Number of protein chains: 2
Amino acid sequence: MRDSEIREIRSLAIFAKMADEAFDRLCRGAYVQTFPPQIELITEGEPSDFLHVLSEGRVEMFARWNGRETTMALLRPVTSFILAATVRDRPYLMSARTLEKSRIILLPSEDVRAIFEEDAAFARAVVTELATDYRNVVKNTKNLKLRSSIERLANYLVRRQDRAEGARTFQLPVEKRKIASLLGMTPENFSRALRTLGEYGVEIDGLTVTIRDREDLVHFAKPTPLIDDPST
Amino acid sequence: MRDSEIREIRSLAIFAKMADEAFDRLCRGAYVQTFPPQIELITEGEPSDFLHVLSEGRVEMFARWNGRETTMALLRPVTSFILAATVRDRPYLMSARTLEKSRIILLPSEDVRAIFEEDAAFARAVVTELATDYRNVVKNTKNLKLRSSIERLANYLVRRQDRAEGARTFQLPVEKRKIASLLGMTPENFSRALRTLGEYGVEIDGLTVTIRDREDLVHFAKPTPLIDDPST
DNA sequence: CCGAATTTTTGATCCAGATCAAGTCCCCGT
DNA sequence: ACGGGGACTTGATCTGGATCAAAAATTCGG
């Protein structure tokens, strides 16, 4: 593993405070791999042999049942993923695929669990991470159950604008069909919903979004930190 | 706190392995309260001052947004709830109300966090609990996004029968409207879906369900451990 | 730069599930 | 036992969103 990668991992909240010795041991068993786009990195149901860290590129988490498929999350560097499966030593609940050429760091789950037993700082960080993830999934459930699809889209755009530091114009992070699936809607419905939001000052050109009147959009979207703030 | 209650809490996986000293300290600050039915124990958005343990009775977790409300979970003894909010010292994401007369043990969140910092066994147990909870919410999301409402209901009944150790006849745990909301459907739609499942050998009389032909129902429901097994 | 494949949009239609409106049933307190 | 209120069911209707179909716009490999 490159020095830059080691520093990268180290900077993740989950690894930041653990003892050097433990961190070194974790890195010893780790390896890095670069994948082309559209590679299925992990498949739901399989044993969780590695904790994954996305170092470069883009990854989609998704799930399948009975011939259907839905996007569960879109990841960008630097993030770890499938921590819960690793910790519990249980099969993956979600699958993951690269959306573009991506570099993934693989940490053997056994090592992660072993070091977790020994290093208290690491254990605490894992708790914080899992609690945060848990709360984000709960927020997502509320989003799905309490809002219509157009409301979810409106709030998604508001959040995107926040992420773009409030810029009037910003880019959607991935193709629309993925965002549609993430929000629990079809591409067709997504497209129409976007047009409908034109009434509230949303303009769209390809992946470029312009929010003409944020006030107006927010008034419609009615965001709340209890659903829409990913940090709390 | 009564001796029986102390033993009760102690038997929860999350508290089972911690040091006696730490456990005693946790109990010292704890107190117990009995609530009548329909009392809102906690309200989303409020600071998470206590980790709650349901000792007797029944509790509903629910969430509100923009005048709408949805059931998030139904709890029965003995369970802790809102662990993630406590650990992260963040506002509750869900509200909770008693469905019947209930006894609740309240553990000051500050104590929980303090002891969590000191007692490694407790920290590990918290991780396991959070990872399990996280995975259950993910399963729930898959259930919501990948299945129609009648498929969710069919799988719910299969799970219920499992919980009743496979008995042909068993009782629904709460009023139907709550189950409907939990499954993300209206009471009317719930009622009709139940009738529709008659085709697959489901009979209903009040809260009493009889599964005439489990094979048939399972064939329709297509359960998978990656959604329907709460233990993995 | 061209052609093929994929995504996106638009239109038409369909359907699952919501809403509205009445009953009916059941529980519960007096 | 009776009356009242909520829960449940049933029917009628409506609608958000899905599906089907087919252009239009993009992307990408060669």
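Just so you know, these numbers use all the heavy atoms, side chains as well, and skip hydrogens, waters and symmetry mates. None of these values were measured; they are calculated from a predicted model. Every chain is numbered from 1 and lettered A, B, ... according to where its sequence line falls, protein lines coming before strand lines.
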Proximal nucleotide (of dC20(C), dT10(C), dG17(C)) relative to the Glu188(B) side chain:
dC20(C)
Looking at dG17(C), I'd like to know if its phosphate oxygens (OP1 or OP2) sit under 4.0 Å from a side-chain N or O belonging to Thr186(B).
no
Expressed in angstrom and rounded to an integer, what is the separation of Arg177(B) atom CZ from dA18(C) atom P?
14 Å
Asp205(B) CG to dC25(C) C1', in whole Å, measures 12 Å
SB check Arg2(A) Glu8(A) (cutoff 4.0 Å):
no
Tell me, please, whether Phe62(B) has Arg97(B) positioned over its six-membered ring: NZ or CZ under 6.0 Å from the ring centre and within 45 degrees of its axis?
yes
Testing the basics here: between Glu175(A) and Leu207(A), what is the closest heavy-atom pair and its distance to 0.1 Å?
CA-CD2, 4.4 Å
At the 4.0 Å heavy-atom cut-off to chain A, mark where contacts on DNA chain D begin and end, going 5' to 3'.
dG17(D) to dC20(D)
Contact class for Arg195(A) (heavy atom, under 4.0 Å): base, sugar-phosphate, or nothing?
sugar-phosphate
Whole-Å distance, Phe190(B) CZ to dA16(C) P, equals 19 Å
Gap between atoms CD and P, on Glu175(A) and dA5(C) respectively (whole Å):
18 Å
Proximal nucleotide (of dG17(C), dG11(C), dT9(C)) relative to the Arg192(A) side chain
dG11(C)
How many whole angstroms separate atom CG of Leu207(A) from atom C1' of dT9(C)?
14 Å
What is the separation between atom CE on Met185(A) and atom P on dT9(C), rounded to the nearest whole Å?
11 Å
Determine whether the aromatic ring centres of Phe190(B) and Tyr156(B) lie less than 6.0 Å apart.
no
Ring geometry between Phe81(A) and His52(A) (parallel below 30°, tilted from 30 to 60°, perpendicular above 60°):
tilted
Under the ring-ring contact (aromatic ring centres under 6.0 Å, His included) rule, collect the residues that match up with Tyr134(B), sequence neighbours excluded.
none
Whether Gln171(A) side chain and Val209(A) backbone form a donor-acceptor pair below 3.5 Å
no
Measure from CG on Leu153(A) to C1' on dT8(C) and round the result to the nearest Å.
15 Å
Between dT7(C), dA18(C), dT9(C), which nucleotide has the shortest distance from any of its atoms to the side chain of Lys176(A)?
dT9(C)
What is the distance, rounded to the nearest whole Å, between atom CG of Leu144(B) and atom C1' of dG17(C)?
14 Å
